[in-house]
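Right, one structure below, let's go through it.
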Amino acid sequence: SKIKDMSAEVVDNNPYSRLMALQRMGVVENYERIRDYSVAIVGIGGVGSVAAEMLTRCGIGRLLLYDYDTVELANMNRLFFRPEQVGMTKTDAAVQTLSGINPDVVLESYSLNITTVKGFETFLASLKAQSSHERSTGVDLVLSCVDNYEARMVVNQACNELGQTWMESGVSEDAVSGHIQLLVPGETACFACAPPLVVASGVDERTLKREGVCAASLPTTMGVVAGLLVQNALKYLLNFGQVSPYLGYNSLKDYFPAMEMRPNPQCSNPACVQRQKEYMDSKPARDAAAKTK
Ligand code: ATP
Ligand code: ZN
């Protein structure tokens, strides 16, 4: 007959079979491993909230969410939050939406300021804590999605102390460019090793953060940066493709500068210098392991 039987094509409503196809097509070796991973996201704003949603829809095992702010009507020019969530803490509002999208993800909400003494202690302890969810201790990756220098320096400090790999992200004050960066303590430049590119653009952050001065915002640029960030995170966690050490995004020219930054032996962060020393000391062992491969 000429009538094609469509029943076989419509039965499969499981969203995971689409993700598992990545395995059948040879893109990733074992997609299911995503359920074993824990990711911490610091800053649940324009970039962090979208990154959290992407990881939730990909079936990540556990997400730890940090932010000190509440949802405002002014945030509606970005993605993710909804008007009826105004007044809720960003982390609680995120848990509400994300658990509705995928109830299998273990979600932890931390409404705190990571730059205060108490906030930093809780932040550090939560990154180290053993979760009932998976076999390993702590988290597999930290994503920084904050919008200020001080908070980035604090994430840098925590990750250097723990030897924790993390990825940094940022959108420029004029909202038309952004970047993502991979930071592996001891192995790549840390956030204190090089003058940060966000600040090196010549604009003083303090001037821009003045009362009444409002930074520009575009959901497009923030969505692109969140996509680049989570793509890099998936490649790192599931071990496919090439993980970008640094990737910029200039929306006006559709230019994506890429580069790599080595650690600075004179870095002002003592934990960074310590991790650099450990990395150098482990070089013979790494070389030997590479030879037997
Ligand atoms: P804007 O500053 O442009 O008004 P925003 O504060 O929502 O907006 P985003 O760039 O969208 O900025 O997101 C950054 C997020 O990082 C915010 O939700 C902010 O609350 C959070 N954040 C910044 N610093 C800290 C900190 N020290 N501790 C916890 N969360 C932080
Ligand atoms: Zn450093």
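Both backbone and side-chain heavy atoms feed into the values below; hydrogens, waters and symmetry mates do not. Only a predicted model underlies this, so the values are computations on that prediction, with no experimental measurement involved.
Counting only distance, with no hydrogens or angles, the side chain of Asn75 and the backbone of Glu72 share a donor-acceptor pair below 3.5 Å. Side-chain N or O atoms of Gln85 include one that pairs as donor or acceptor with a backbone N or O of Arg82 at under 3.5 Å. Within the 3.5 Å criterion, the main-chain N or O of Leu237 finds a donor-acceptor partner in the side chain of Tyr37. Of the possible donor and acceptor atoms, none in the side chain of Glu260 sits under 3.5 Å from a partner among the backbone N and O of Pro245. Distance alone, capped at 3.5 Å, places no donor-acceptor pair between the Thr91 side chain and the Leu65 backbone. No donor-acceptor pair closer than 3.5 Å links the side chain of Ser144 to the backbone N or O of Ser169. Panel note: side chain Ser172, backbone Ser177; a donor-acceptor pair is recorded below 3.5 Å. Under a 3.5 Å cut-off, the side chain of Thr97 and the backbone N or O of Ala94 do not form any donor-acceptor pair. Between the side chain of Asp140 and the backbone N or O of Ser38, at least one donor-acceptor pair lies under 3.5 Å. The closest donor-acceptor contact from the side chain of Glu161 to the backbone of Ala271 lies at 3.5 Å or more, if one exists at all.
Taking CD1 of Ile34 as the reference point, atom OH of Tyr16 lies at 9.0 Å (rounded to 0.5 Å). In this structure, Asn156 CG and Gln164 CD are separated by 12.5 Å, a value rounded to the nearest 0.5 Å. The distance from the CG atom of Asn239 to the CZ atom of Arg33 is 9.0 Å, given to the nearest 0.5 Å. To the nearest 0.5 angstrom, Ser244 atom OG is 12.5 Å from His179 atom NE2.
At a threshold of 4.5 Å between side-chain heavy atoms, the hydrophobic network of Ile, Leu, Val, Met, Phe, Trp and Tyr places Leu73 and Ile44 in one connected group. Each of Phe191 and Tyr279 belongs to its own hydrophobic cluster when Ile, Leu, Val, Met, Phe, Trp and Tyr are linked at side-chain heavy-atom distances under 4.5 angstrom. Hydrophobic cluster membership differs between Val176 and Val171, with clusters built from Ile, Leu, Val, Met, Phe, Trp and Tyr side chains linked at under 4.5 angstrom. Note on Leu218: it does not cluster hydrophobically with Met222, by side-chain heavy-atom contacts below 4.5 Å among ILVMFWY residues. The same ILVMFWY cluster, assembled from side-chain heavy atoms under 4.5 Å apart, contains both Leu63 and Leu19.
Using bins of under 30°, 30° to 60° and over 60° for the plane-to-plane angle, the ring pair Tyr110/Tyr66 lands in the parallel bin.
Counted within 6.0 Å of CD on Glu29, heavy atoms from surrounding residues, nucleotides or ligands total 12 or fewer; the atom is thus considered open. In the displayed structure, Glu84 atom CD is contacted under 6.0 Å by more than 12 heavy atoms of other residues, nucleotides or ligands.
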- Task: Begin from the C-alpha positions of Leu98 and Phe80 and carry the test side-chain contact (heavy atoms from CB on, under 4.5 Å) through to its verdict.
- Result: CA-CA 10 Å; Leu98 300 174; Phe80 191 73; 3.8 Å; yes
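For Tyr68, the side-chain contact (heavy atoms from CB on, under 4.5 Å) partners two or more places apart in sequence, or in a different chain, are Asn113. Remark: Val184 engages Thr165, Leu182, Glu187, Thr188 in a side-chain contact (heavy atoms from CB on, under 4.5 Å) (not counting sequence neighbours).
Met76 is listed as a side-chain neighbour of Val71, based on a closest heavy-atom distance under 4.5 Å. With a 4.5 Å cut-off on side-chain heavy atoms, Val230 and Leu55 count as touching.
Salt-bridge formation is not detected for the pair Lys118/Glu121: no Lys NZ or Arg NE/NH1/NH2 atom is positioned less than 4.0 Å from an Asp or Glu carboxylate oxygen. Using a 4.0 Å cut-off between charged side-chain N and carboxylate O, Asp281 and Lys277 make a salt bridge.
Donor-acceptor pairing under 3.5 Å is recorded for the side chains of Asp92 and Ser109.
If you run side-chain contact (heavy atoms from CB on, under 4.5 Å) between Met167 and each of Leu183, Val39, Ile180, Leu141, only Leu141 comes through.
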